[in-house]
Structure formats: structure tokens, C-alpha cells
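Remarks on the structure that follows.
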Amino acid sequence: MKLSRKAYLVIIPAFIAGNVQARAYIADSNPEYICAQGIYEPSDSSRTIEEIAVVARSNRVVVPGQTLSGEELNALGSHSVADAIRYFSGVEIKDYGGVGGLKTGNIRSMGSKHVGVFYDGLQINNAQNGVVDLGRLSLENMEAVSLYNGQKSAIFQPAKDFASSSAIYLTTRKPSFEGKTKHNLKATVKSGSFGLIDPSLLWEGRLSKNLSASVNAEYLYTNGRYKYRTSREAGYDTTEVRRNGDIRAVRADANLFGHIRGGEWKTKIYFYNSERGYPGADVRNGPINEGRQWDNALFAQGSLRKALGGIYSLMLNAKYSYDRMRYRSAPDVIPFVDNTYNQQEGYFSLANEFTPTRWWSISLAADVQFNTLDSDMQGFAYPSRLALYTVLATSLQFEKFTAQASLLSTDAADETKTGRAAGRKGDFSPTLIISYKPWKKHDFTLRALYKEVFRLPTFNELYYVKIGNNDLLPESTTQYNAGITIAKEYGSGFVRSLRFEADAYYNVVSDMIVSIPKNDAFTWTTMNIGWAEIIGADLKFRGHWAVGGVRIGTLLNYTFQKTHTRDRTIGVEFYGDPLPYIPEHSGTVVLGVRWKKWQFNYSFIYTGERYAISAATPENYVRPWYTHDISASRAIRLGSTELKAAAEINNIFNQQYEVVKRFPMPGTNFKVIISIML
């Protein structure tokens with residue numbers, strides 16, 4: 001894909017000068033950057049971009065992220081964010097089965113509650129349990145999904161971006177228009193196994209030279225029924241049908257994108273409504289606890305980024321969210337549960353960046369967040385929390401050496417309507433990131449990271465009836481990372497580009513928060529029990545190849561992790577057991593082939609043996625699993641209309657496996673996708 005001469009005349013001087021005032025208007029995302037992050041090369045067709053916007057100076061990537069974008073997301077057959085990030089190194093997904101099952105992400109073994117999920121720059125928060133269900137987040141109308149260990153390289157960001165041990169960033173597709181076109185309309189229908197029906201509609205409009213909008217709506221239904229092999233109490237093997245895995249969901253979002261002198265702004269309104277069953281654990285005498293859940297979520301957010309003068313830039317972010325969740329357990333569960341929870345959140349952020357010189361920048365950001373939780377549960381505490389996050393960060397960027405340092409202050413105070421509140425908690429969390437590129441002509445980079453983060457206990461951990469403990473200490477993490485990147489661009493011939501990354505890391509989680517049973521199975525307590533250490537390594541390789549008119553992209557990821565826990569609950573420290581569900585070996589392979597209007601894709605995911613709890617005993621053993629998936633798509637251009645058809649077959653060898661023990665996953669399944677772009 002080629003940029004017009006006019007675009008180069010604007011963008012090249014801007015990046016050389018590093019001037020925050022250099023600006024114009026962008027009608028499309030940066031195609032070269034997106035393709036560089038993925039496994040596909042730019043196409044050979046020319047495309048004219050009207051004008052290019054540069055609203056901040058160029059920053060060298062200190063800690064590279066992992067990104068899937070554009071055609072990659074389509075080719076991998078991913079439905080939700082949980083499906084997509086399975087292909088990143090260092091990620092473990094807890095999947096409780098089927099499309100409707102709960103899906104959470106664990107990055108480098110520090111726990112799901114240490115993963116920040118950011119949608120168009122603002123965090124999706126869950127003050128109740130601290131976990132974001134990644135299965136609820138659709139990839140329809142998604143431009144890119146990125147993962148960062150530690151944090152992004154940019155220091156000009158809200159303070160909350162510094163408050164997570166790892167972060168997932170979701171980016172909404174920006175409208176782009178060809179020529180004098182003012183409207184785009186895309187209709188997509190997905191159907192397949194388990195009664196899947198998934199239609200969606202996307203409208204994009206250019207309202208003026210500086211203003212565009214998009215509206216996207218999606219409906220999802222699946223009965224969630226699939227066959228699996230299991231063993232029953234009498235000792236015989238049989239085939240069962242997974243039940244209570246149905247889901248009906250409606251999602252809609254509306255977005256505005258605007259450009260102003262020296263900057264840009266955007267707003268989003270998001271709505272989600274669903275009813276789904278939670279398929280129960282499959283034990284020797286059959287599935288148990290098949291609960292149901294109803295979710296209603298609404299949030300509105302906006303952000304503004306603007307350069308004021310030659311050395312100062314301003315960023316404002318604001319958000320309001322409301323979440324209503326009702327959970328009902330199976331009728332035979334004792335005690336029976338049927339409760340509704342209502343969360344509200346207000347959030348505001350102000351970030352300032354000063355760039356006194358080309359090589360030095362300073363950022364100061366302050367975020368205010370207020371959360372409340374109500375419930376119809378008897379004896380509920382009705383907690384609320386006011387939290388202030390403040391970060392001072394600086395960046396030094398020279399020809400060979402780059403360094404970033406930050407200090408995050410967290411100050412939070414809880415109040416309750418009934419019972420004793422946990423009170424006020426706060427701490428300081430430093431981060432230091434450095435990178436060194438010894439040779440100007442060779443893409444060879446060394447990097448290192450040190451980062452501390454502490455996590456406030458969730459409302460459930462502090463105040464849940466008969467389980468919560470309002471004396472809990474915050475859970476802390478310390479991260480060490482050393483890595484290397486080697487890349488080479490060839491431009492022509494069989495090998496077009498190669499990129500290799502290797503990282504070794506050591507993580508420590510202190511004052512781990514867990515819930516354990518007391519005198520009986522129905523009385524639990526939550527406490528800080530000790531700490532865990534994680535030693536690991538990530539290897540990543542990307543390559544682009546060309547044979548005649550065939551373009552080939554390859555992606556290989558491998559992760560090694562060794563984990564240990566230390567427990568203080570038994571009077572003496574016990575050392576040695578692994579963390580639950582963390583394999584020593586895991587990896588992915590993705591092969592993409594493009595020929596004319598055809599796109600073929602193959603993917604392989606492997607997860608090694610694990611243990612369901614921190615006790616390496618035979619009854620807790622979870623077998624390794626792997627899946628093979630293939631897909632093919634064809635695009636047809638009819639004047640101004642583009643028609644695309646795709647077919648996917650997942651788990652083509654029908655492997656019977658469990659991501660979470662006693663929650664069987666689907667065997668071979670298929671999906672057909674047809675989309676029309678007007």
C-alpha cells in the first residue's frame with residue numbers, strides 16, 4: 001500500500017522535527033504501521049490519503065507490544081477478545097466452555113485481576129470482582145487488539161495506564177472513505193455450529209471535513225450444545241451433550257471522531273445486554289451448578305488530545321459506566337443464590353506533557369475514580385470507593401539510548417453503609433524502562449524493565465457476605481524483564497522481512513489474596529496467604545515471504561514458565577507448588593497465505609500440562625491440549641460494492657480437551673461468514 005506524495009511531504013518533516021504542533025487531518029489509520037505489526041504485507045495497490053495528522057512527536061518503542069489488527073483478526077476466526085489474545089505469548093485464557101462461558105485472561109501468571117483492559121484508551125473496570133469477562137467483548141468493528149507486558153512505551157497517557165502489571169488495548173475501527181464517498185455500510189452474517197446466529201450492521205459517515213461517525217450493532221445467539229466424551233461414576237466412558245451454554249446478546253456502540261486545530265477528540269456510547277447459562281462442572285455423576293446470568297452494561301466516554309504551543313500537550317478523558325448483573329444458581333444448589341448487583345463508576349483524567357527539547361519529555365497525569373456497588377443480598381455492606389491516581393513520568397530519547405521512568409501514587413478510601421469499611425490505602429509504584437540500539441544501520445535493540453504495581457482488594461474480597469475480609473492488604477507485584485529484538489527488512493525477493501524477539505522475566509506477587517474454606521464447604525474466608533514467583537521466557541518470530549503473486553506471513557510464539565508459591569497459612573512457610581493452570585510450555589503457530597483475492601489461514605495452539613490448584617497431585621492434574629484451525633476467504637469487488645465470503649473449521653481433529661478442569665470444550669466446529677460493504 002503506497003502513500004501519496006502529498007502525505008509524505010506532510011508526515012516526513014513532522015517526524016524528523018519531532019514537533020508536537022505538526023498536524024493535519026487523518027482519514028485512515030496508518031496502514032504501514034498496522035501491517036508491520038501483523039503477519040501480512042501491504043498490498044501493491046495505491047491508495048491516496050487526503051491529509052495526515054501528527055498530534056504528538058514520534059516515540060521510539062521501548063517495550064514492544066503484541067498486536068493483531070485488520071485482516072489478521074478476520075483470518076483467525078476470532079469472535080471475542082478472548083479468542084484473539086490466545087495467539088499472544090505469555091497469555092493463559094481460562095475458558096469455562098462454549099461461546100457463552102466466562103473467559104478471563106492471565107498474563108505472565110500474575111492473575112486476571114492484574115490485567116488492565118482499555119477500550120479506546122479508557123479502562124473497563126469491575127470494582128466488584130476485579131475481572132473483565134473477555135468473552136463479552138466482540139471483535140466486530142474492532143481495528144486492533146494489542147497486549148503490553150508492563151505498559152506502553154508512551155508516557156503521555158492517563159495515570160490508570162501505569163496501574164496494571166499488563167494491559168490489553170482495544171481500538172475501534174476509524175471510518176475511512178475513498179474519494180468523495182461520504183457513507184459506508186457493512187452488513188455481516190455469521191452462522192455455524194451450535195445454532196450460531198450472529199448478524200451485525202456497521203454504518204460510517206463523513207459528517208464534515210473534520211467530523212466522522214460510526215454506529216455498529218450486533219446480535220448473537222447460540223444454543224451452546226455440543227457433544228463431548230466423559231467418564232461417569234460407574235467407571236464407563238460415554239458421550240454427553242453440553243447443556244446450559246446458551247447465550248442471547250445484543251451489543252451496540254456509537255462513535256464520533258473529530259479533529260481540531262492541534263489535536264483530535266472522540267466519544268463513544270456502548271450498550272450490552274445478555275442472558276446466558278453457565279454450563280456446570282462435569283463431575284463423575286454429571287454436571288453440577290448450572291447457573292444463569294443476566295447482564296446489562298452501559299457506558300459513555302470521551303477523550304480530547306491537543307497540542308498547545310510548541311512544548312505542551314493536553315489530554316482529557318472522562319467516563320461514566322453502569323453495570324447491572326443478576327446471577328441465579330441452579331435450584332438444587334445449597335445455599336440457593338439469586339441476587340442482583342448494580343455497579344456505577346465515574347472517572348475523569350487530566351494528563352499533561354511537556355517537551356522542552358527533542359530528546360526530553362515530562363508527563364504529569366491525575367485520575368479520579370469513584371465506584372459504588374449495590375445489591376439485594378441480605379446483610380450487604382453497600383461499599384463505595386474514591387481513588388486518586390497520580391503519576392509523574394519522564395522520557396529521554398537519544399540516537400542509541402532511550403529511558404523512561406515513572407512514579408505512580410495510588411490513594412483510595414472506602415466507605416460502607418453497614419459494617420466496618422476497609423479504610424484508606426495508598427502506595428507509590430515506580431517503573432524504569434530502558435532500551436539500547438548500538439548500531440544505527442541495524443535493527444538490533446536491547447531492553448530492560450523494572451515495574452512495581454499494587455492492586456487494591458475488590459469489593460467482593462473485602463465485603464462479600466460471610467466471605468469478605470475488610471482487613472486485607474493490597475496485593476503487590478514486582479516485574480523484571482530483559483529482552484532483545486532483531487529485525488531485518490529486505491523489500492524484495494523471497495524473504496521480505498524477519499523479526500525476532502526474546503524476553504526473559506522474573507515476577508513476584510506478594511500478599512496474594514485467596515478465598516479458602518473454613519469449617520465446612522459453605523463457609524469461606526478471604527486472606528493474604530503469601531507470595532508467588534514466576535520465572536519465564538517468551539520467544540516471538542514473524543516473517544513475511546513472497547513467491548510470485550503469493551504472499552505468506554508466519555507468526556510463531558513460545559512461552560516457558562516456572563512458578564512457585566509460598567504459603568503462610570499452615571504456621572510454617574511451604575514452598576514449591578506451582579500456580580494453578582500455568583503450564584511450563586505453551587505456544588502458537590499462525591500461517592497466512594494471500595493469493596489475488598483469496599486468503600488462507602492455519603493456526604495451531606498448544607498448552608502444556610497443568611494443575612487445577614496449587615498442589616501437584618494426580619487428582620489435580622490437567623492434561624495438555626492443542627487445536628488446529630483453518631479458514632479461507634474470498635473478496636469480490638463489484639463496482640463500489642465489496643462482497644466477502646469466509647469459511648472456518650476449528651479443532652479440525654476433534655480433540656477432546658479442557659481449558660479449565662471438568663469444563664469440556666467443543667470438538668470440531670465450523671463457521672460461515674458473509675459480509676457486504678457498500
Does [X] use its side chain to pair, donor to acceptor, with the backbone of [Y] at less than 3.5 Å?
X: T559; Y: G90; value: yes
X: K113; Y: M110; value: no
X: Q66; Y: S89; value: yes
X: T267; Y: G302; value: no

Side chains of [X] and [Y]: is there a donor and an acceptor less than 3.5 Å apart?
X: T67; Y: S146; value: yes
X: N216; Y: E140; value: no
X: S395; Y: W360; value: no
X: N481; Y: Y450; value: no
X: S153; Y: Q404; value: no
X: Q343; Y: Y322; value: no
X: Y312; Y: N352; value: yes
X: T563; Y: S109; value: no
X: Y506; Y: E533; value: yes

Open item on the list: Pair Y272, R136 - check side-chain contact (heavy atoms from CB on, under 4.5 Å), show working.
Closed with: CA-CA 9 Å; Y272 179 85; R136 280 176 43 174; 3.6 Å; yes
How about [X]: does its [atom1] atom have over 12 heavy atoms from other parts shown lying under 6.0 Å from it?
X: L364; atom1: CG; result: yes
X: R324; atom1: CZ; result: no
X: F370; atom1: CZ; result: yes

Electrostatic pair [X]:[Y] at N-O distance under 4.0 angstrom:
X: R108; Y: D538; value: yes
X: R385; Y: D414; value: yes
X: R455; Y: D427; value: no
X: D411; Y: R424; value: yes
X: E415; Y: R420; value: no
X: E218; Y: R251; value: yes
X: E275; Y: R292; value: yes
X: R276; Y: D295; value: yes

Taking the side chain as C-beta and beyond, is there a heavy-atom pair between [X] and [Y] under 4.5 Å?
X: L147; Y: V145; value: no
X: E475; Y: V509; value: yes
X: N371; Y: Q369; value: yes
X: Q479; Y: L449; value: yes
X: P474; Y: D511; value: no
X: R326; Y: D338; value: yes
X: S429; Y: F162; value: no
X: N470; Y: Y463; value: yes

Distance in Å, [X] [atom1] paired with [Y] [atom2], rounded so as to fall on 0.5 Å steps:
X: N507; Y: I534; atom1: CG; atom2: CD1; result: 5.0 Å
X: I85; Y: I93; atom1: CD1; atom2: CD1; result: 3.5 Å
X: Q157; Y: D367; atom1: CD; atom2: CG; result: 10.0 Å
X: N106; Y: I582; atom1: CG; atom2: CD1; result: 4.5 Å
X: R173; Y: L139; atom1: CZ; atom2: CG; result: 14.0 Å
X: L134; Y: L170; atom1: CG; atom2: CG; result: 8.5 Å

TODO: List the steps, then state whether side-chain contact (heavy atoms from CB on, under 4.5 Å) holds for S214 with F257.
DONE: CA-CA 9 Å; S214 69; F257 305 90; 3.9 Å; yes
Which atom pair, heavy atoms only, marks the closest approach of [X] to [Y]?
X: Y87; Y: L68; result: CB-CD1, 4.4 Å
X: S361; Y: T394; result: O-OG1, 3.0 Å
X: M512; Y: A532; result: SD-CB, 3.5 Å
X: G310; Y: T355; result: O-OG1, 3.9 Å
X: Y327; Y: G291; result: OH-CA, 3.8 Å
X: A612; Y: P580; result: O-CB, 3.3 Å

- [ ] Report the C-alpha distance between S321 and Q344 in whole Å, list the side-chain angles of each, state the deciding distance to 0.1 Å, and finish with yes or no for side-chain hydrogen bond (donor to acceptor under 3.5 Å, both in side chains).
- [x] CA-CA 6 Å; S321 64; Q344 293 191 76; over 6 Å; no
Open item on the list: Would L122 and Y347 count as a side-chain contact (heavy atoms from CB on, under 4.5 Å) here? Give the steps.
Closed with: CA-CA 9 Å; L122 280 77; Y347 171 81; 4.1 Å; yes
Open item on the list: Is there a side-chain hydrogen bond (donor to acceptor under 3.5 Å, both in side chains) between T372 and S384? Walk through the geometry before answering.
Closed with: CA-CA 4 Å; T372 64; S384 63; over 6 Å; no
- [ ] Apply the test side-chain hydrogen bond (donor to acceptor under 3.5 Å, both in side chains) to residues Q123 and K160: give CA-CA distance (whole Å), side-chain angles for both, the deciding distance (0.1 Å), then the verdict.
- [x] CA-CA 8 Å; Q123 187 173 15; K160 285 280 286 182; 3.0 Å; yes
Task: Intermediate values then yes/no, side-chain hydrogen bond (donor to acceptor under 3.5 Å, both in side chains), N129 and N460 - done: CA-CA 6 Å; N129 58 37; N460 277 359; 5.9 Å; no
Task: Charged tip of K319 within 45° of F348 ring normal and under 6.0 Å - done: no
Open item on the list: As a quick check of understanding, evaluate side-chain contact (heavy atoms from CB on, under 4.5 Å) for D161 and F118, giving each step before the final call.
Closed with: CA-CA 8 Å; D161 288 50; F118 296 83; 3.5 Å; yes
Open item on the list: Quick check on salt bridge (charged side-chain N to carboxylate O under 4.0 Å, His left out): which of K174, R305, K306 does E264 satisfy it with?
Closed with: K174
TODO: Determine, step by step, whether Y169 and Y148 satisfy the ring-ring contact (aromatic ring centres under 6.0 Å, His included) criterion, reporting the C-alpha distance in whole Å, the side-chain angles of both residues, the deciding distance to 0.1 Å, and the verdict.
DONE: CA-CA 8 Å; Y169 285 86; Y148 292 87; 5.7 Å; yes
TODO: Would you please indicate yes or no on a ring centroid separation below 6.0 angstrom for F299 and Y320?
DONE: no
